[in-house]
**Student:** 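Have a look at this one.
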Amino acid sequence: MRFSASIASGCPSLARRVILHLDMDCFYAQVEMIRNPELREKPLGVQQKTLMVTCNYVARKLGVNKCMSIREAREKCPQLVLVSGEDLTHYREMSYKVTGLLEEFSPRVERLGFDENFIDITELVEKRLRDPQCGGAMEASGHVYNQQVPDASDWTHQRLIVGSQVAADIRAAVYSQLGLTGCAGVASNKLLSKLVSGTFKPNQQTVLLPESCSCLINSLNHVHRIPGIGYKTAQRLEALGLGSVSALQSCPITVLEKELGAAVAHRIQMLSRGEDDSLVTPTGPPQSLSEEDSFKKCCTVSDVSAKLEELLRLLLSRLSADGRSAHTLRLTIRQFTPTNKYFNRESRQCPIPVKVAQSMNQGSGSAAVVSALMELLMKLFEKMIDVKMPFHLTLLNVCFSNLKASRSSASSRCSIGFYLTQKKLSENDCGDSETSGFSITTNPAFPEKSGHSACPAGMDGEVSLSLPEDIDMDVFSQLPDDIKKEIIQSPHMTRRSKNIQTKPHAAAAGGIQNFFTRGKSGHGLNSARDEGYSQESLPSPLKKPLRKDSESLRSVSDTAMAPSCTPHTACPQGTEPNVGFAMDCKESVDGDAVSSLPKSVDVNVFSQLPVELQKELMSEWKNQKITPKIQTKKFQDKGKTSKGQRSSAASHPNSLLKYFKPN
DNA sequence: CTGGGGTAGT
DNA sequence: ACTACCC
Ligand SMILES: Nc1ccn([C@H]2C[C@H](O)[C@@H](COP(=O)(O)OP(=O)(O)OP(=O)(O)O)O2)c(=O)n1
Ligand SMILES: [Mn+2]
């Protein structure tokens, strides 16, 4: 999501919007309490490694806060009960049940994290205002911010008050259908609805009337509290003496622009005034699926391989439930650094060969698919880490992106009715659930919701007779000819625009969403970047390239479907044959690489040492007697060595200190 | 004693 | 590929 303040502010319809923000109470803890009701009356924390990521309200009364270290939480509350929350499966499933339920009220639902949703309830409110059954008494449900007294003759007040009633109904539905409590905020834009939803917690709701907007925004004691102003921007503002909201409001825009750039400057100043014209953008199915694990130390290739395979299997299982197939694979690592655990993540990505992608979706347990993807992952790994050198990882993340409707769900199981929807039908469908009670049949076939919103409908009224630009041609061209014709020619069908959906759960398996663009740009539709490219290939005058990368990342996958019984026989374009994980040195010398590594002697030294000494060092390092220095980017994925350096390196063992330090 | 996720922009 | 943002 993006809180934005820009061009659309002149649009009159924006001022009339009624936006609902729903934020579930202590979400992970609440899910755990549903799973085990005995935990309800106890102070409960949800633990991820050494972090307590959230806790229930019993614990909060005892002084425990979100995102506290386990140590600190236990100090404050020795009776604290901790449950592990490293596996997000249950939270993710409940999260999509909430979103799916909300989509029965309105198709305009935008997710933010696992437990927050924005809903544009403008149309629902207007429908209620027109409905004689709902006429008469105008009393707000829940709190009115700042105890402002509504003016019954004020149109805007009326709409917001009705909005608060819709919010109450929605919260009641979420509780009765799913057993979850949460807080709602109702206001005229996303920013204000989010801010106001947090003013009474837990399990309460608040509506903001426009006259109290400045009161709300100025109640924030620091700019960092404004959603959209994150850590970095807040630091810069602080340095400018603009730590307070009022200072930011009145700062000359030129001053902000100089430090932050025009776009950010304008946006955050609008936000500081409580203005936010960003639309509620229907989220749709996820654009990426990832699994990660962190640990104190991972320093052997076999351990890396085992951990990656576990992550991969989890992902494949989720992907097959999703019903789509992934076409891009990304590996992210974090190397140990004594300070600054963050900011040192590196990633490499590559395309997934079509044959692999197609097989991926059938069953999750295909050995051929697993081994093909494992080969890709290990090649990506070796693009970042020279496995002949010592390394110390603290995190691994595997991510599937570029998700597309798989062949089986796209062309054989789905008919044209899944791809397109008749306009009249979708219009009738979208508002009814609110007056007809809560007949929630929702049991999404897919936990993570390719199914939650797979039926596209053009709520914005666009009807296109020619093929729109934003249809993924790669996928479209694979359709049977008759389906193509039907899509192009059908005049009463409407193209999905801004990814707005009117029939939640209508299409069970992945399906059509991939033929249409998402809200903002052509995401997930095979853009070049999904195939992977190097940072240093970007034309940024401000950033100095760290290295040249003559290799195409794409080449990693060239042989991915080759018989995998002989691992590491593939030879990516431009590199030597992979020698596996042995200590052997590569033979060939890339002159350009050598000349670009004037200060790299320290790292290359290691591989020039006698194998005996190498093994000894490796052993000490694994026994934690010494620590490898971090592999710097200059040397990664090169593995090139110069014979000329050998003698000098071997005869100067002290240079080992350049890449090892005693513990 | 700082998780494990996501989105969008550059 | 990375940064910044959100939870
Ligand atoms: N940095 C963060 C922030 C949140 N979460 C997870 C745990 C939370 O349970 C869930 C929702 O985040 P919230 O900020 O909404 O926190 P809670 O819902 O737990 O508490 P509250 O009742 O204050 O909303 O997301 C997380 O893993 N890491
Ligand atoms: Mn919450």
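Lettering follows sequence order; numbering is per chain, from 1.
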**Student:** A:Arg330 or A:Ser69: which one's nearest nucleotide on DNA chain B is closer to the 5' end?
**Tutor:** A:Ser69

**Student:** B:dG4 phosphate, OP1 or OP2: any side-chain N/O from A:Lys49 under 4.0 angstrom?
**Tutor:**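 Yes, such a contact exists.
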
**Student:** Does A:Gln287 make a side-chain N or O approach to OP1 or OP2 of B:dA8 shorter than 4.0 Å?
**Tutor:**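 Result: yes.
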
**Student:** So, does A:Ser294 get its side chain near the phosphate of B:dG4, meaning an N or O under 4.0 Å from OP1 or OP2?
**Tutor:**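 Answer yes for this pair, as a side-chain N or O of A:Ser294 is under 4.0 Å from OP1 or OP2.
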
**Student:** Ignoring backbone atoms, test whether A:Arg345 places a side-chain nitrogen or oxygen under 4.0 Å from the OP1 or OP2 oxygen of C:dC2.
**Tutor:**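 No, because none of the side-chain N or O atoms of A:Arg345 sits under 4.0 Å from OP1 or OP2 of C:dC2.
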
**Student:** Could you tell me whether A:Leu51 contacts a base, only the sugar-phosphate backbone, or nothing, with contacts defined as non-hydrogen atoms closer than 4.0 Å?
**Tutor:** base

**Student:** Grab the NZ-C1' distance between A:Lys66 and B:dT2 for me, whole Å please.
**Tutor:** 17 Å

**Student:** Which part of the nucleic acid, if any, lies within contact of A:Glu292, taking any heavy atom under 4.0 Å across all strands shown: a base, the sugar-phosphate backbone alone, or nothing?
**Tutor:**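 The answer is base, as A:Glu292 lies within the cut-off (heavy atoms under 4.0 Å) of a base atom.
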
**Student:** Would you check if there is a donor-acceptor pair between the side chains of A:Arg267 and A:Ser272 at a distance under 3.5 Å?
**Tutor:**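 Absent: no donor and acceptor within the cut-off.
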
**Student:** Verify the contact: side-chain N or O of A:Lys383 to OP1 or OP2 of C:dA1, cut-off strictly under 4.0 Å; return yes or no.
**Tutor:**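 It does not, given that no N or O in the side chain of A:Lys383 lies less than 4.0 Å from OP1 or OP2 of C:dA1.
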
**Student:** Can you identify which nucleotide, out of C:dA1, C:dC6, B:dG4, has its nearest atom closest to the A:Tyr28 side chain?
**Tutor:**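 Looking only at heavy atoms from C-beta outward on A:Tyr28, the closest nucleotide is B:dG4.
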
**Student:** Is any side-chain nitrogen or oxygen of A:Ser290 closer than 4.0 Å to OP1 or OP2 of B:dG4?
**Tutor:**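 Negative; the distance criterion is not met.
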
**Student:** Check whether any side-chain N or O of A:Thr233 sits under 4.0 Å from OP1 or OP2 of C:dA4, and answer yes or no.
**Tutor:**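 For A:Thr233, the contact criterion (side-chain N or O under 4.0 Å from OP1 or OP2 of C:dA4) is not met.
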
**Student:** Can you find a side chain N or O atom of A:Arg92 that sits less than 4.0 Å from OP1 or OP2 on B:dG5?
**Tutor:**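 Answer yes for this pair, as a side-chain N or O of A:Arg92 is under 4.0 Å from OP1 or OP2.
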
**Student:** Check each residue of residues 74-82 of chain A for a non-hydrogen atom within less than 4.0 Å of any atom in DNA chain B, then write out the ones that pass by number, or none.
**Tutor:**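 Nothing qualifies; none.
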
